[in-house]
Amino acid sequence: MPHDHADHDHDHAHPHDPAHSHDHAHQHDHDDHPHEHLPPTETISLEQKVLAKNDLLAQEIREWLAARDILAFNMTSSPGAGKTTLLERTIRELGGARPISVIEGDQETLLDAERIKATGCSVVQVNTGAGCHLDAEMMRRALDTLDPPNGSLLFVENVGNLVCPALFDLGERSKVVVISVTEGSDKPLKYPHMFAAAGLVIINKTDLLPYVDFDLEACSRHARSVNPDVQIVLVSAVSGEGVIDWYTWIDAQSGRRDDPATIDKVLPAGVDRDERHTSGPRVDSDDVGVQPCPGERH
């Protein structure tokens, strides 16, 4: 820090270095310096305040959704894991049994929202700019615009990121983490907070297993090391392999397990409802604006 040299003369400048010595005697009274050492707890306190405010709003959203029997899932993944492709198939195959709406989160563009809109589904795009996740305030504003119908399914496709979305509750029923076999099987160890927060882990792109080095057993073991109760399903969003297990899980969350309308419509001919788990492999996380898709009417 700068200090007043008016009371002594020397013609060299120096930093405050404990190893630096002077040939002249003077004392620096550090009590006179305007040192401002912020305590390290200040940053933690600010983060706690931000998260507490977010959690309060998220709880209000959760109650609002529950009062309308809207089942919301917060879909998270790294970029390119296949969330949008999985949602496209899910909407096509389940949309006839229950209304489905989607909130799309991306830093820029309407590309994913346009893909979802092409399925006939109601969708709202949230562009976060430099932000790396959605938060409860963005969720609330998106819901105001989307106005999902009572009794519907709501999928929130979060920004592609396995770090920040783990901390921000959106008021969803459950977080769903999608990873693909083209990623490392150690992902749950690298991003433990996201996997610890997940209610379901979907391992996607199983059709590529013959061509990649991915250890399903190790990945599942790693996921359960940070979240012992997490459920894991294996799917190929492209081929449809294993998606019945994904739909069964959705039914279980909604309490509609005994309602045949949701699942039976996508079962292959000749496959009994009680045998649906055999249809695919399974192993037992300037201002941001809400932008509706072009042409979307509410």
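What you see is a predicted model, and the numbers here were worked out from it, not measured in a lab. The analysis underlying the following values was restricted to heavy atoms, covering all of them including side chains, and did not include hydrogens, waters or symmetry mates.
Between the D245 side chain and the V233 main chain, no donor and acceptor come within less than 3.5 Å of each other. Using a distance-only test at 3.5 Å, with no hydrogens or angles considered, no donor-acceptor pair links the side chain of E157 to the main chain of M75. Of the possible polar contacts, none joining the N158 side chain to the S77 backbone as a donor-acceptor pair under 3.5 Å is found. Within the 3.5 Å criterion, the main-chain N or O of A237 finds a donor-acceptor partner in the side chain of N204.
Salt bridge D169/R62: present, at least one basic N to carboxylate O contact under 4.0 Å. Under 4.0 Å is where a charged nitrogen must lie from a carboxylate oxygen, and between E114 and K117 no such pair does.
Between the side chains of R115 and T85, at least one donor N or O lies within less than 3.5 Å of an accepting N or O. A donor-acceptor contact closer than 3.5 angstrom is absent between the side chains of E217 and S220.
Atom CG of residue D106 and atom CG of residue D112 lie 5.0 Å apart, to the nearest 0.5 angstrom.
Connection of V238 to V243 is not established within any shared hydrophobic cluster, with ILVMFWY side chains joined at heavy-atom distances below 4.5 Å, either directly or through further cluster members.
Atom CG of D213 has 12 or fewer heavy atoms from other residues, nucleotides or ligands within 6.0 Å.
Residues L143 and I103 have side chains in contact (heavy-atom distance under 4.5 Å, counting atoms from C-beta outward). Looking at heavy atoms from C-beta onward, N227 lies in side-chain contact with D229 at the 4.5 angstrom threshold.
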Between L146 and L154, does the side-chain contact (heavy atoms from CB on, under 4.5 Å) criterion hold? Intermediate values first, please.
CA-CA 10 Å; L146 187 61; L154 173 65; 3.8 Å; yes

